[in-house]
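Please read the structure below before turning to the comments.
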There are 2 protein chains.
Amino acid sequence: MESNIAIPALSALAQETRLAVFRLLVQVGPTGLAAGQIAERLGVPAPTLSFHLSHLSHAGLVTCQRISRSLIYSANYQTMNELVSFLTENCCGGTSGCEPICNPVSVRSAS
Amino acid sequence: MESNIAIPALSALAQETRLAVFRLLVQVGPTGLAAGQIAERLGVPAPTLSFHLSHLSHAGLVTCQRISRSLIYSANYQTMNELVSFLTENCCGGTSGCEPICNPVSVRSAS
DNA sequence: AAATTATTTTTATATTTATCGAAATATGGA
DNA sequence: TCCATATTTCGATAAATATAAAAATAATTT
């Protein structure tokens with residue numbers, strides 16, 4: 001995952017309602033939930049939720065499938081996986097830092 | 001890590017300049033870099049950089065230490081570690097979710 | 001076709017965030 | 001003390017984001 005893809009994903013999760021939506025969708029699993037059910041369970045007005053779902057969808061964090069009148073949203077685990085990989089590979093540091101995957105870095109003193 | 005701490009951290013990283021700053025600080029390691037050096041290497045005006053450093057600092061992602069006239073910023077690996085843990089624990093599915101998170105690690109000792 | 005349900009899009013507004021020149025603060029040296 | 005350096009804070013402005021009522025779209029039922 002490149003940073004120009006990671007940033008929209010991070011941005012999508014960096015908001016209270018959207019993080020709650022995503023966590024809920026992860027909890028319920030691949031079956032997903034209809035938009036109306038999400039709105040009800042989180043107490044969010046429909047237009048507000050739709051705005052946030054659109055944001056999550058655009059970031060690739062959720063997918064959506066129409067079943068009859070309902071739009072069923074599900075978490076996209078692959079994108080989440082790639083985001084976590086991006087963070088561990090690019091934003092975790094040396095031996096004393098985040099364990100997984102670190103390139104040794106040669107530090108030179110200021111010139 | 002609670003979500004009310006994770007959100008500021010996610011928000012801090014969800015911005016091009018701040019993500020670049022954090023990645024740079026991870027690259028250079030625990031020695032850190034002076035604000036002016038970061039500004040020069042990333043081509044960001046000093047006031048703009050200061051705004052973003054403050055944001056990263058409030059999110060607990062960087063620490064700062066004055067040495068003479070310079071303020072040396074370093075990545076805070078612990079917060080990053082906790083953020084990744086939060087994401088894997090709360091935003092990745094159970095057994096069927098994002099399990100292959102970590103690639104095998106080959107760590108070379110730092111020189 | 002009309003009514004009903006589920007959801008999105010439009011629209012408007014309020015709030016937050018990003019940018020960067022100018023001024024202010026802090027440190028060290030002459 | 002005066003000057004230079006390093007960085008932050010102030011101030012103004014522009015841009016993006018969040019909210020939710022009202023209207024519009026889509027699918028189903030009667």
Provide, to the nearest angstrom, the distance between the [atom1] atom belonging to [X] and the [atom2] atom belonging to [N].
X: Glu40(B); N: dT7(D); atom1: CD; atom2: P; result: 11 Å
X: His58(B); N: dT16(C); atom1: NE2; atom2: P; result: 16 Å
X: Leu71(B); N: dG28(C); atom1: CG; atom2: P; result: 11 Å
X: Leu19(A); N: dA18(D); atom1: CG; atom2: P; result: 13 Å

**Item:** Of the listed nucleotides dT19(C), dA20(D), dT8(D), the one nearest the side chain of Thr48(A)
**Value:** dA20(D)
**Message:** Checking contacts here: which listed nucleotide (dT19(C), dT8(D), dT19(D)) is nearest the side-chain heavy atoms of Phe51(B)?
**Reply:** dT19(C)
OP1, OP2 of [N] versus side-chain N and O of [X]: anything below 4.0 Å?
X: Arg18(B); N: dT17(C); value: no
X: Ser50(B); N: dT8(D); value: yes
X: Tyr73(B); N: dA6(D); value: no

**Request:** Kindly express the pairing pattern of DNA chain C in dot-bracket notation, using | wherever a base pairs with another strand and counting only Watson-Crick or G-U pairs under 3.5 Å.
**Result:** ||||||||||||||||||||||||||||||
**Request:** Give Ser70(A) one of three labels, base, sugar-phosphate or nothing, depending on what nucleic acid heavy atoms sit under 4.0 Å from its own.
**Result:**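 Sugar-phosphate: the residue Ser70(A), judged by heavy atoms under 4.0 Å, touches backbone atoms but no base.
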Using a cut-off of under 3.5 Å, enumerate the N/O to N/O pairs linking the protein to nucleotides 27-30 of chain D.
{"residue": "dT28(D)", "atom": "OP1", "partner": "Ser68(A)", "partner atom": "OG", "Å": "3.4"}
{"residue": "dT28(D)", "atom": "O2", "partner": "Arg69(A)", "partner atom": "NH1", "Å": "3.2"}

